[in-house]
Amino acid sequence: MKIGVYVHIPFCVSKCSYCNFYSEVKPNLINDYVLCLVKEIKRECDKYKNYKVNSIFIGGGTPSILPSGCVSLIINTIKQNFCVLPDCEITIEANPNSINYTNANEWFNCGVNRVSVGVQTTSNRLLKLIGRAHTFKDFLLAINNLKKVGFKNINADLMIGLPRQKQGDVKNALKYCFSLGLTHISAYTLILEENTPLFNKVKNGELKLPKEEKVLGMFNYLLKQTKLKGFNRYEVSNFAKPGFECKHNENCWNMVEYVGFGCSAHSFVKNFRFGNISNIENYIKQINNNLSVLEFKDELTKEELIEETIMLNLRTIKGINLENLKQQFNYDLLKVKTNEINELLSYGLISINNNYLSATNEGFYVLNQIILKLV
Amino acid sequence: MQDRLKHIRNFCIVAHIDHGKSTLADRLIEYTGTLSKRELSDQVLDSMDIEREHGITIKLTPTKMNYVCNGENYELNLIDTPGHVDFTYEVSRSLAACEGAILIVDASQGVEAQTLANAYLAIDNNLEILPVINKIDLPSADVETARKEIEEIIGLDAENAPAVSAKEGTNIKQVLDQIIEQIPAPQGDENATLRALIFDSYYDNFKGAVCLVRIFDGQVKAGDKIKFYITGKEYDVTEVGEFSPKPVPQKELKAGDVGYICASIKNVAETKVGDTITSAINPTLNPLPGYKEVKPVVFSGVFCVDGADYDSLKDALEKLKLNDASLEYEPEVSQALGFGFRCGFLGLLHMEIIQERLEREFDLDLITTAPSVCYKVHTTQGETILVSNPADLPKPQEIEFMEEPMTRVNIFTPPQYVGNLMELAQEKRGEHKDLQYLDKNRCQLVYDIPLNEIIYDFFDKLKSCSRGYASLDYELLGYKVSDLVKVDILLNGEICDALSMIVHKERAYYKGRSMVEKLKDVIPRQLFEIPIQAAIGSKVIARETVKALRKDVLAKCYGGDISRKRKLLEKQKKGKKRMRKVGSVEIPSEAFMSILKID
């Protein structure tokens, strides 16, 4: 059986103004944390003896700020304690300002074969506005270093719908992604999360988000350009050159099991979803006392499994495998939701081909509504 | 006079809301030793939570107290009265059961609209009125001004009115002594045929409907055969008793007494407030005067947010009806809201209380439609029909003319707000009747206003345009011909029956416009464009559009954190459950409520 391994690095140099994910600016805790991570991997690995790892993902936070030696320690620990497939995808998330030749080289040498770079935008004006610590120049240098070291599979995270963002900004960002030969682009539309500095600024009128039509315009532009350059959209927000689709992502949308290590990491194993505590100090204390770091553990009912399958499958371009749903859960979506499906078909938001029900390009924009109708 | 009667005093307390009626009642109960402070869990007479929150008493719970004055033992029966205009008739029957009334005036507020209304009610019932000035503990208390107001505005002698603080228990003895001295003892012949006034009733699971009565003539005991004059029904008495304040069985009740009668009566609806109980064997030919059939004046559709709760709503209404004969309801089916009930209430407060009790005591999640009044519709066929649900209104071409219920509204206000209030009354189609400057701080404004204008937000507006100083009292006047139309709301071309309303023609455009504007804000964007129209018949008078939803998708799945997505999905699913469908349009249940708030 296949499994993905996720490792969470909850440290950042500074917090970006739109982010509400768990990360902290506490460099003095990093070493202890990494040692605990290794302990956690070692003490939990026995449960996963029968699995073969097809993807390792070191995410954050900002894993690229880890001091030298940490990434290799983590990867090697996983390799020593899990059955890692030879073609395993090993990704590290990195920010442009913390990628240099030395750490890139270390990653490459310990087996990392994919780097996901948090570019967001190439406009210095916007980068500053959303509190990113890097500049456009950092981005160019970072990609240069990654390529020099030998990385062939590089992703850029881009954001659409930032305050004051114009189509020209998107155009510029894409131009560099293409010319630098990146193989993967993740394009996320900004979602204002409550209680982030950006949320507050928008709320009190200091900043304005671009209008919906404008955001859609920018995203449509991105759809067109990526297609022209040979990128396939294989999920709502993900675009890849053929063969460069991210396995870590695909695991998640296809309900493949994965295990997460580290503070605030989540897992999905044998119909259980569980997550670790979201506090670095507590995490370290618990691990060092050999105590549990579990924050919650939910067993999904059959109904929930069906709902999640629908919800996650719909994010992919392939969509829901209706036959699979029938066989696995004895659930005939076409029968149960006939009216809703006909309604969505009439709006042109979904299509059904060869036993797959998938969202159309228009449908991807209102995916939440489609999911709501189908669950 | 019989010696027994000389030692009985039957009285009630009347006051404007918040002037301290319940607190004074508590102090009297405490001072006479009827209940100890510990037993008297603050405001013992108000038994329902909601009443406590509204600061008003609705159910009347009489209390018998013993008090020694000048070496003689007296029996005092306090009958509490509801202090709200919705319950005017009930108040009048309670007053009819007494010989005297304590009229409380707040020393810091002075005479208010309901002080006057209640005083007049008491005067109409020939009661001896005992003014009491309360809240002298407040820093803003002005006893002399309050005294002056009582004399000048109501015309009562207030020279000897006790100045008390019910809160702190100051001068309570003075009040009790004056009750003995000034309120007349009851009269009546205990050997005559039985005549007892029902002034309230409640339902007891074991005893059935319990009648709260004042015996005017004769006597009654368990085993007697009794007859209700209005309903003509006969019963066997199973128990009689007094309140102290809990019901305590007695051997008999005699002329002059206040107490209760149980007679295995199945339903409170059979115990009509104001009815006369007499002997079945030797019935009286002279029933006690003042009986009126109580009819609801405000109507509203009550539905469950979750249609599956219909049976629970039905049960809940049945249970409330057991204790509240004035609540009326019948099944209603709305295309938009499904199965529910059309309920009739005595007034706005009554409506609010019932709705709150349904939600709180029975844990129901309700959608209520805009309140409506009962219109008289004269059809071209020459028929007159009563319509309280806009959905039932005949087509315009079948209506000859319509009449609507009118009210006489009395507003008390400091003079500086008269301008605002007149404007408000005009806006609500009020017809100016009178304006009097009662003294330098107080005016009385009298308007005739259609009931359907005051059932929405008149009270809130009155308070806001007078900084809370104006007070209000109203009485029903009868019907008046009026130019009324039905405004329908169409969503994506389909009429949403639950949003229809009957309004005056001149106000139709304005109301229709504010409705569609409000709806535009509360109806979430959906996968298609939704036109919202207000129309009179086939004529569209206002239109707005809810644009189609273009973007609603989650971005990143962080670290495989699906539970976060799940939570969002659950939240959205929950929201969807609260949606109602009209045609293809989904409307949140909140939308039906929020439009109640438009002017």
Side-chain angles (χ1 to χ4, degrees), chain A residues 4 6-8 21-22 57 59-61 157 159 161 186-191 212-213 215-216 219 236-237 248-249 251-253 258-260 262 264-268 273-275 296 298 300 304 307-308 311-312 315 343-344 347 349 359 362-373 375, chain B residues 305-308 335 338 491-494 520-531 544-591:
Chain A
Y6 177 81
V7 178
H8 192 63
F21 292 153
Y22 180 64
F57 194 97
D157 277 353
M159 290 185 90
S186 299
Y188 302 113
T189 49
L190 174 73
I191 288 183
E212 194 179 70
E213 296 87 63
V215 178
L216 291 174
F219 207 90
V236 174
S237 318
H248 163 75
N249 284 346
N251 278 357
C252 172
W253 305 316
Y258 54 85
V259 54
S264 177
H266 289 78
S267 308
F268 174 53
R273 290 208 183 275
F274 49 98
F296 72 92
D298 301 326
L300 299 184
E304 287 172 326
E307 277 182 10
E308 292 205 352
M311 168 173 99
L312 293 168
R315 290 186 68 89
E343 191 187 347
L344 291 168
Y347 299 143
L349 296 174
E362 285 305 307
F364 273 143
Y365 284 123
V366 288
L367 198 59
N368 285 349
Q369 296 292 317
I370 296 178
I371 293 168
L372 266 177
K373 286 203 188 277
V375 299
Chain B
V305 169
D306 187 346
Q335 274 165 9
L491 300 171
N492 207 15
E494 287 190 45
K520 188 190 175 209
D521 290 340
V522 292
I523 294 180
R525 293 165 65 197
Q526 288 161 43
L527 294 169
F528 47 90
E529 191 176 280
I530 307 163
E544 287 284 342
T545 306
V546 176
K547 282 200 199 152
L549 181 69
R550 300 283 310 278
K551 181 175 163 286
D552 178 16
V553 57
L554 288 181
K556 206 166 181 171
C557 251
Y558 142 86
D561 184 357
I562 307 298
S563 5
R564 196 152 149 159
K565 266 196 167 38
R566 228 208 123 76
K567 267 180 214 149
L568 209 92
L569 180 70
E570 290 301 331
K571 206 173 128 192
Q572 285 184 309
K573 260 171 77 182
K574 241 189 188 161
K576 207 168 151 151
K577 248 193 157 174
R578 297 180 63 92
M579 295 275 199
R580 289 310 170 114
K581 255 190 151 182
V582 174
S584 49
V585 183
E586 285 177 336
I587 311 168
S589 49
E590 290 77 14

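Chain naming here is simple, since letters A, B, ... match the order of the sequence lines and numbering starts at 1 in each. Basis for what follows: all heavy atoms, side chains included, without hydrogens, waters or symmetry-related copies.
A heavy-atom distance below 4.5 Å is found between the side chains of A:Y365 and A:F219. Residues B:L527 and A:K373 meet the side-chain proximity criterion, which asks for heavy atoms closer than 4.5 Å.
Residue with the most contacts toward chain B among A:E213, A:Q369, A:E308, A:E212: A:E212 (heavy-atom pairs, distance under 4.5 Å). For chain B, the option among A:V7, A:V375, A:L367 with the highest count of heavy-atom pairs below 4.5 Å is A:L367.
Each of B:K567, B:R566, B:Q572 was scored for a side chain to side chain contact (heavy atoms under 4.5 Å, CB included) with B:E570, with one residue passing: B:R566.
The parts of A:V366 that come within reach of chain B are both its backbone and its side chain, each placing non-hydrogen atoms under 4.5 angstrom from that chain. Both the backbone and the side chain of A:L372 come within contact range of chain B, with heavy atoms under 4.5 Å apart. With a 4.5 angstrom heavy-atom cutoff, A:Y347 touches chain B only via side-chain atoms. No part of A:I370 comes within reach of chain B, as not one of its non-hydrogen atoms sits under 4.5 angstrom from that chain.
Counting all heavy atoms, side chain and backbone alike, B:V585 lies closest to B:I523 at CG1-CG2, 4.5 Å.
Between A:F296 and A:H266, the ring planes lie tilted relative to each other; the angle falls in the 30° to 60° range.
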